[in-house]
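Note that the structure is a prediction, hence the values are computed from the model and not measured.
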Amino acid sequence: DSAKAAYRSQDPAEIRRHLAAAAERLEPVLRGTSEVQLTEIVLGLSARAFEVGELGAAERLCRAVSEARERLQGPEHVDTLKARSNLAAA
């Protein structure tokens, strides 16, 4: 699985490749999820993307998390606000 490989790998090129693939697959999943815990996992993945300079993947994942949290927890929930902050940083 691309997400796990992105966490395990130490090779920046391999990490970027796995992150791009994971972002592409996870965006639609987040749009339909009812699981807040999944947003936490994807948020960690977006941080990894940011660490290795895969800013496009980081932004896509942060945006998907922000939208999912707003839908699941409401626009003023602290986790939604944190997700928006992460999106702004990406």
Side-chain angles (χ1 to χ4, degrees):
D1 167 63
S2 293
K4 289 178 185 176
Y7 276 113
R8 282 189 238 132
S9 179
Q10 297 300 313
D11 176 34
E14 184 179 350
I15 293 169
R16 286 185 186 97
R17 183 172 48 82
H18 287 298
L19 285 169
E24 188 173 315
R25 283 195 297 268
L26 287 170
E27 280 180 286
V29 171
L30 280 175
R31 283 189 212 112
T33 190
S34 61
E35 298 292 328
V36 174
Q37 186 176 13
L38 179 60
T39 66
E40 281 297 318
I41 294 166
V42 175
L43 196 59
L45 192 58
S46 71
R48 183 75 164 140
F50 191 78
E51 286 172 9
V52 299
E54 188 59 43
L55 302 182
E59 180 184 0
R60 286 194 315 270
L61 292 170
C62 284
R63 185 174 309 284
V65 167
S66 179
E67 291 169 359
R69 284 188 170 176
E70 185 167 344
R71 181 174 46 80
L72 294 170
Q73 298 175 298
E76 300 301 320
H77 191 279
V78 67
D79 289 341
T80 303
L81 298 174
K82 286 179 186 176
R84 287 185 191 155
S85 176
N86 289 339
L87 175 58

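Under a 3.5 Å cut-off, the side chain of R31 and the backbone N or O of E67 do not form any donor-acceptor pair. A side-chain donor-acceptor contact under 3.5 Å links S46 to the backbone of L43.
L61 contributes atom CG, which lies 5.5 Å from atom CG of L45 (distance to the nearest 0.5 angstrom). Here the CD1 atom belonging to I41 is positioned 9.5 Å from the CG atom belonging to L26, to the nearest 0.5 angstrom. With rounding to the nearest 0.5 angstrom, the NE2 atom of H77 is 9.0 Å from the NZ atom of K82.
Taking hydrophobic clusters as Ile, Leu, Val, Met, Phe, Trp and Tyr residues chained together by side-chain heavy-atom distances below 4.5 Å, V29 shares a cluster with V65.
The shortest distance between side-chain heavy atoms of R16 and V52 falls below 4.5 Å.
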Working for side-chain contact (heavy atoms from CB on, under 4.5 Å), residues I15 and E54 = CA-CA 9 Å; I15 293 169; E54 188 59 43; over 6 Å; no
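Minimum interatomic distance between A23 and R60 (heavy atoms only, all atoms of both residues): CB-NH2, 3.3 Å. Across every non-hydrogen atom of F50 and A89, the tightest pair is CE1-O, 3.6 Å. What you find for L72 and S34 is that their closest heavy atoms are CD2-CA, 3.6 Å. P75 and L81 make their closest contact through O-CD2, 3.6 Å (heavy atoms, listed as atom of the first residue, atom of the second, distance). Across L19 and A49, no two heavy atoms sit closer than the pair CD1-CA, 3.3 Å.
Between R63 and E59 there is a salt bridge, since at least one side-chain N of the basic residue sits less than 4.0 Å from a carboxylate O of the acidic one.
No more than 12 heavy atoms of other residues, nucleotides or ligands sit less than 6.0 Å from atom CD of E24.
Considering T39, D79, T80 in turn, T39 is the only one that fulfils the side-chain hydrogen bond (donor to acceptor under 3.5 Å, both in side chains) rule with R69.
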